[in-house]
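Data block below; observations after.
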Number of protein chains: 2
Amino acid sequence: MSSTLDDVARLAGVSPATVSRALRGLPRVSEVTRARVVQVADELGYVISPSGSRLASGRTHTVGVVVPYVNRWFFGQVITGVESVLRAAGFDLLLYNLGGDAGRDRFFAEMPLRRRVDAVMVLSLPIGDAEAEAFRALRVPIGLVGSAVEGFAGVRIDDVAGATAAMRHLTHLGHREIALISGGADVPMHFTPPIDRRGAYLDVLDSVGVEYTPDLEAAGDFTMAGGEQAMGELLGRSRRPTAVFAQSDEMAFGAMRTIRRAGLRVPEDISVVGFDDHDMADLLDLTTVRQPVVEQGATAATMLLDWLASGEPPAEPAKVLPTRLIVRGSSAPLAGDPETSRHHAPRPEA
Amino acid sequence: MSSTLDDVARLAGVSPATVSRALRGLPRVSEVTRARVVQVADELGYVISPSGSRLASGRTHTVGVVVPYVNRWFFGQVITGVESVLRAAGFDLLLYNLGGDAGRDRFFAEMPLRRRVDAVMVLSLPIGDAEAEAFRALRVPIGLVGSAVEGFAGVRIDDVAGATAAMRHLTHLGHREIALISGGADVPMHFTPPIDRRGAYLDVLDSVGVEYTPDLEAAGDFTMAGGEQAMGELLGRSRRPTAVFAQSDEMAFGAMRTIRRAGLRVPEDISVVGFDDHDMADLLDLTTVRQPVVEQGATAATMLLDWLASGEPPAEPAKVLPTRLIVRGSSAPLAGDPETSRHHAPRPEA
DNA sequence: GAAAGATGTGCAAGCGCTTGCACACGCCAA
DNA sequence: TTGGCGTGTGCAAGCGCTTGCACATCTTTC
């Protein structure tokens, strides 16, 4: 049906070997021969057969991309970055969507990437020792977005700096009763972003002499619904916060909604700060920490391709990209009017 | 390094042919032999080499998924549906993100799927004759989401019914000055959703005796920013609408923002209705037309796999899934108070 | 002017599977 | 008994590439 390398060879009057070399731009082919081969290939509409090439060379020119949820904003953005780099380099992108714990377990049980990719890109997945081992067993370069593991290439942001900026912003505005909506409680220790962001929360609180209390923390699972619910819990407790720092914008969106449903105002009654700079953050006027999401994907993919090309793991295996606080309307100075904002939540210190 | 089919054959004391048959569950292998082969394969941790298998069989067990923008909510949802079906059937998913016109052109110029997929799934892409021809040239089953083309399998929603419901809702509320935020103006004729939705807009207007005017239409490119801008145009014109029907939720979000920035209220001054039931629609209290997005992907993928398995194109090649109007707070009866809602926009008829 | 490289090309042996065909049985019907 | 059939297995020829090696020409270099 479609022509093969042999067809091209015959018509060009050279051996298949030469065609292979000519078409791939390898050296040791004279320019005149190469031109002839290319022309014949064009005329025949020849397209290399990946199966044949893969079998012979052992290289798939494919990168597996493992993502927790394709349908979440963050991952869509990262994939966009990854895809553009891979595509430009002529690599195929094999997508694996875990979609929750069941899918995740199945993935690690079967490791469906075996024998089908040259490298793997893992997006924002908590990687424990077992998972790291499973990936290492593939014996291909592994790239990570959002975490760092010994022996893998990783790109992430400075979560501590980002969260610190968010928290400082709130303390500068006078807030002391600051709640935290964190990620899932079940997230393994190895996933640093939630831990780092929480650590920054604690540190900044400490730096202004406020003691941490579990009453001001709730888990939101990094989803809007989770944020909504977490905020509900927070409002149901004895101490009402004057500000909330959510570890992601989606959770912040949910929180804002709960706040408003409770008849309170943002930011007058409660300031809200998120993390990500989600597309909708601007629309919802959410103060947040912007992180370069597409770039993280693109950078990680580039590192991975370099590794693949050179055979050497990157010299600097853990790149850290900067974040930036974006101040919008969801955060405001601690209200001057005690009747409104501190009614149910007397601050311990001045 | 990793063991091959021959290794398994040797250890099991059978021929490679038998191993191949046994492992793939083909008939004409005795149960006892099959059991032995499977056991040996397990012990060796044997994993079939896709390259070898593909080359020999001519089948890739891979489906190409072509998507305009992975990072848009709608496509993330559809991919989720597609992925789960493909994964369950043991198919690989090769992702192609077009990401705008340049990418789109490059895609059709190169047709990078040639020789690497058994079937293709095209998500919400305007398909003209040239594009259809390009896909047909691949000589593999093609599945479409959001459109219908002769000879392809397609899953879509009843855009006319959905948009009609949205528009009726507004007319029942008493609105007559209803603006339309449509998709891009440059979208080819062959992409029916925008056309159908617009058609319904015109029909419902007509049914209540209102004449169409271009003054009440603006293009929003199916993005939030586009909706924002389109609404700006609409507000800048002579006739101010009392309601807006946006062809997508994201455009509706943008429109709501522009409305509020202009110092007007939703729904008191302007009702807004969207289309999709985006994750955020509930949060933003947007009245909209819900469409089953994940299901469209899953259904289309299922049709495609059936086609692949049977060799026969589906008997019913164009499935239509239902929509449902979800009424929320962004739409309200035409205000009883003329001072508020009709100030700048006197209605022509009662 | 001969030896040593550099350069361009071809040979042929794979890479790891699949599958049409042949074959060896055991079984049943005539 | 014999022919025919169903069943289980093996043979071997690919599938369409890549690549180490050999070889034939040209250039250099001294």
Side-chain angles (χ1 to χ4, degrees), chain A residues 1-38 40-41 44-62 90 92 114-118 139-140 308 311, chain B residues 1-38 40-41 44-62 90 92 114-118 139-140 308 311:
Chain A
M1 198 181 88
S2 51
S3 44
T4 71
L5 188 145
D6 282 336
D7 297 335
V8 178
R10 215 169 306 120
L11 252 85
V14 294
S15 72
T18 299
V19 174
S20 176
R21 295 186 185 110
L23 258 25
R24 284 183 299 148
L26 294 187
R28 330 213 103 219
V29 174
S30 72
E31 274 319 310
V32 39
T33 305
R34 189 190 307 279
R36 182 152 33 92
V37 167
V38 167
V40 171
L44 285 166
Y46 171 73
V47 176
I48 193 175
S49 153
S51 315
S53 171
R54 286 168 189 184
L55 182 55
S57 71
R59 262 162 262 117
T60 63
H61 268 263
T62 301
D92 282 340
R114 280 182 294 177
R115 281 161 154 288
R116 47 192 70 204
V117 295
D118 288 346
R139 325 213 111 264
V140 298
L308 226 34
Chain B
M1 199 182 90
S2 53
S3 44
T4 71
L5 188 146
D6 281 337
D7 297 335
V8 178
R10 214 168 307 120
L11 252 83
V14 294
S15 73
T18 299
V19 174
S20 176
R21 294 185 185 112
L23 257 26
R24 283 183 300 148
L26 294 187
R28 327 212 107 221
V29 175
S30 72
E31 273 321 310
V32 39
T33 305
R34 188 189 309 279
R36 183 151 33 92
V37 167
V38 167
V40 171
L44 265 72
Y46 171 72
V47 177
I48 194 175
S49 153
S51 316
S53 171
R54 286 169 189 182
L55 182 55
S57 71
R59 262 163 263 118
T60 63
H61 267 262
T62 301
D92 281 340
R114 279 182 294 178
R115 281 163 155 286
R116 47 192 70 205
V117 295
D118 288 346
R139 324 214 112 263
V140 299
L308 226 35

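In the text below, chain A, chain B and the rest are named by the order of the sequence lines, each starting its count at 1. In what follows, every heavy atom counts, from backbone to side chain, and hydrogens, waters and symmetry copies are set aside.
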### Integer-rounded Å distance: C:dG10 P and A:L26 CG
15 Å

### Summary
Atom CZ of B:R36 and atom P of D:dT9 are separated, to the nearest Å, by 8 Å

### Task
Check every strand shown and say whether A:S49 touches a base, only sugar-phosphate, or nothing at a heavy-atom separation below 4.0 Å.
sugar-phosphate

### Query
Looking at the side chain of B:S53, which of C:dC17, D:dT18, D:dG16 is the nearest nucleotide?
C:dC17

### Query
Atom OG1 of B:T33 and atom CZ of B:R21: how far apart are they, to the nearest 0.5 Å?
11.5 Å

### Query
What nucleic acid atoms does B:R34 come within less than 4.0 Å of, heavy atoms only: base, sugar-phosphate, or nothing?
nothing

### Message
Is a donor from one side chain sitting under 3.5 angstrom from an acceptor on the other, for A:R24 and A:S20?
### Response
yes

### Task
Please round to the nearest 0.5 Å and tell me the distance separating atom CG of B:L55 and atom OG1 of B:T60.
12.5 Å

### Message
Starting the side chain at C-beta, find the nucleotide from D:dT9, D:dT19, C:dT19 nearest to A:R24.
### Response
D:dT19

### Query
Counting side-chain heavy atoms from CB outward, which of D:dT19, D:dT9, C:dC17 is closest to B:T18?
D:dT9

### Task
Remember a base hit wins even if backbone is also touched, and classify A:S51 as base, sugar-phosphate or nothing at under 4.0 Å, heavy atoms.
nothing

### Summary
Rounded to whole Å, the CZ-P distance (B:R28 to D:dT7) equals 7 Å

### Task
With the side chain of A:A17 defined as its heavy atoms from C-beta on, choose the nearest nucleotide among D:dG8, C:dT9, D:dT19.
D:dT19

#### Entry: Per A:L5 side chain, nearest of listed nucleotides C:dT19, D:dT18, C:dT9
D:dT18

#### Entry: Residues B:D92, B:R116: salt bridge by 4.0 Å N-O rule
no

### Task
Return the value, rounded to whole Å, for the distance between atom CG of A:D7 and atom C1' of D:dC17.
13 Å

#### Entry: Under 3.5 Å donor-acceptor, B:S57 side chain and B:S53 backbone
yes

### Message
Heavy atoms from C-beta onward define the side chain here; which of C:dT9, C:dG16, D:dT19 lies closest to that of A:V29?
### Response
C:dT9

#### Entry: Donor-acceptor pair present, A:R21 side chain and D:dG20 base, under 3.5 Å
yes

